[in-house]
Amino acid sequence: MQVTPSMSESGPDDALESRGRAWVEAQKSCRRNRKWRLGRPAPSRGANEAAFKGSVAAVGFTVIWYGKQGIVEKTPFDAEKGARDHALATFPGKQDHGIVAVEVRKDDGTVVFSQAGGS
């Protein structure tokens, strides 16, 4: 009796091999497209590009003064050290006027300094 391989025995290996070949070809195609894109100049921003070239960087930090009812005042600063020094220097004097806490926050909302103390 002669044994011949059935479709189910040879099928999975052939399918796996063809999928492997297809994957390799897809990767080659992606690399070719990427090399082609890397050789091209970046797209222009148009009229907005000129407006951004000489602009000043956005304010990076905000000193927030809190009273018993919530936020009383916000003061923008360019540097963290300047904001922190201002908060530390003026906090004791502002406590007499109802300020209970002060925070220095980045523009993304992260608190970098906080001091509280109230009556």
Side-chain angles (χ1 to χ4, degrees):
M1 185 167 150
Q2 184 179 11
V3 178
T4 58
S6 67
M7 273 308 257
S8 62
E9 290 177 6
S10 65
D13 290 335
D14 290 340
L16 183 61
E17 188 175 320
S18 78
R19 273 188 268 153
R21 277 193 302 259
W23 182 83
V24 169
E25 289 302 317
Q27 292 300 312
K28 286 180 183 177
S29 174
C30 287
R31 280 191 218 115
R32 279 191 298 258
N33 288 338
R34 183 168 182 255
K35 286 179 184 176
W36 177 77
R37 284 191 315 251
L38 290 176
R40 299 175 62 203
S44 175
R45 292 186 204 164
N48 291 335
E49 186 172 5
F52 285 112
K53 281 192 175 180
S55 65
V56 177
V59 175
F61 299 90
T62 305
V63 176
I64 304 172
W65 300 97
Y66 292 95
K68 290 183 180 181
Q69 300 297 317
I71 295 175
V72 175
E73 182 183 347
K74 290 184 177 183
T75 310
F77 283 86
D78 291 330
E80 179 183 352
K81 182 165 176 30
R84 184 184 302 237
D85 290 346
H86 174 72
L88 285 170
T90 56
F91 183 63
K94 288 195 176 223
Q95 280 183 311
D96 299 336
H97 302 287
I99 298 296
V100 295
V102 62
E103 284 182 345
V104 176
R105 290 183 179 252
K106 289 183 182 180
D107 278 345
D108 66 2
T110 307
V111 177
V112 294
F113 173 76
S114 178
Q115 183 171 354
S119 50

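- In this structure, Val102 and Ala87 approach most closely via the heavy-atom pair CG2-CB, 3.8 Å.
- A cation-pi arrangement is not found for Lys74 relative to Trp65, the charged atom failing to lie both closer than 6.0 Å to the ring centre and inside a 45° cone about the ring normal.
- Every residue meeting the side chain to side chain contact (heavy atoms under 4.5 Å, CB included) condition with Arg84, not counting sequence neighbours, appears here in chain and number order: Glu80, Leu88, Phe113.
- Inter-residue side-chain proximity for Thr110 and Arg105 is flagged as unmet; no heavy-atom pair is nearer than 4.5 Å.
- Annotation: salt bridge (Lys or Arg N to Asp or Glu O under 4.0 Å) contacts of Lys81 (sequence neighbours excluded): Asp85.
- Using a 4.5 Å heavy-atom threshold, the side chains of Glu103 and Gln115 count as separate.
- Residues Phe61 and Asp78 form no side-chain contact, since every pair of their non-hydrogen atoms from C-beta on lies 4.5 Å or further apart.
- Remark: Ile99 CD1 to Tyr66 OH distance equals 11.0 Å, nearest 0.5 Å.
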key: Audit row: Val104, Phe77, side-chain contact (heavy atoms from CB on, under 4.5 Å) steps and yes/no   = CA-CA 9 Å; Val104 176; Phe77 283 86; over 6 Å; no

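- Within the 3.5 Å criterion, the main-chain N or O of His86 finds a donor-acceptor partner in the side chain of Thr90.
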